[in-house]
Amino acid sequence: GAGGAGGDGFAAVWWGVGNLRPRGEGPRRPEPRTNLSVISSGGNVYAIGGLDATNKPTTSVFVLTPDAKTGAFGEWKTADAAKLSLTLPEPRAGAGVLAVPDGILLIGGTNGSTALATVIKATFDATSGAAGTWGVPDRAGVVAAGVAAQGSRPSVARGPVAEPIV
């Protein structure tokens, strides 16, 4: 059903295959969330941050690894249970998320007190492909975040106004 973060409708993933298949309830996340950031990258689905059942931003990340051969969803796991160091450095909800070739960028959002103007990045391990600890991206990551936020016209914030990169 519908409702806030505590409602059942936000604890599950709805799925459908093609236009003719009925939809059904997917696996339940360990905790309900709203206003979270979700992305699929490197064979995993990441549910990042968001508001918990008390409408407070969280530091949690949930990971789902669907079976590539059968299409079975598997079960959501906390990042800790999935043995990934993806707990956010501060609570964050409503952030933009972008997959880049070597990781995931999390852009802006709110910590519950103020809007965040920061970009953080979880870099994929070159050997295992697993997403690693969040850190500050290099300039290319910040430019990629600007592209995502501004559309096809890259920009970098310099003072109060974002200026185009020439």
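Heavy atoms only: backbone and side chains are in, while hydrogens, waters and symmetry mates are out. Everything quoted here is computed from the prediction, not taken from an experiment.
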Rounded distance (nearest 0.5 Å) linking atom [atom1] of [X] with atom [atom2] of [Y]:
X	Y	atom1	atom2	answer
L106	L88	CG	CG	6.0 Å
K121	L98	NZ	CG	10.0 Å
L105	I107	CG	CD1	5.5 Å
L36	I48	CG	CD1	8.5 Å

Step by step, would you call Y46 with V38 a side chain to side chain contact (heavy atoms under 4.5 Å, CB included)? CA-CA 6 Å; Y46 299 93; V38 179; over 6 Å; no

Shortest non-hydrogen contact between [X] and [Y], atoms and distance:
X	Y	value
L51	P57	CD2-N, 3.6 Å
I120	P89	CD1-CD, 3.9 Å
W134	T87	CD1-O, 3.5 Å
G132	L86	O-CD2, 3.1 Å
E90	T59	C-CG2, 3.6 Å
G43	P66	O-CD, 3.6 Å

Can you find a pair of side-chain heavy atoms, one from E31 and one from T58, that are under 4.5 Å apart?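 Not in contact.
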
Under 3.5 Å, side chain of S41 to main-chain N/O of A99, donor-acceptor pair present? no

Indicate yes or no for a side-chain donor-acceptor contact from S37 to the backbone of V97 under 3.5 Å, with no hydrogens or angles considered.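 Judged by distance alone, no pair lies under 3.5 Å.
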
Taking it one step at a time, do V45 and F62 satisfy side chain to side chain contact (heavy atoms under 4.5 Å, CB included)? CA-CA 8 Å; V45 179; F62 302 122; over 6 Å; no

Checking N44 against T65 for the side-chain hydrogen bond (donor to acceptor under 3.5 Å, both in side chains) test, could you report, in this order, the C-alpha distance in whole Å, the side-chain angles of both residues, the deciding distance, and whether it holds? CA-CA 5 Å; N44 294 312; T65 306; 2.5 Å; yes

Does a donor on one side chain sit under 3.5 Å from an acceptor on the other, for S60 and R33?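 Yes - a donor-acceptor pair under 3.5 Å links their side chains.
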
For the residue pair T78 and D80, confirm or rule out a side-chain donor-acceptor distance under 3.5 Å. no

Hey, is E75 close enough to K77 for a salt bridge, meaning N to O under 4.0 Å? no

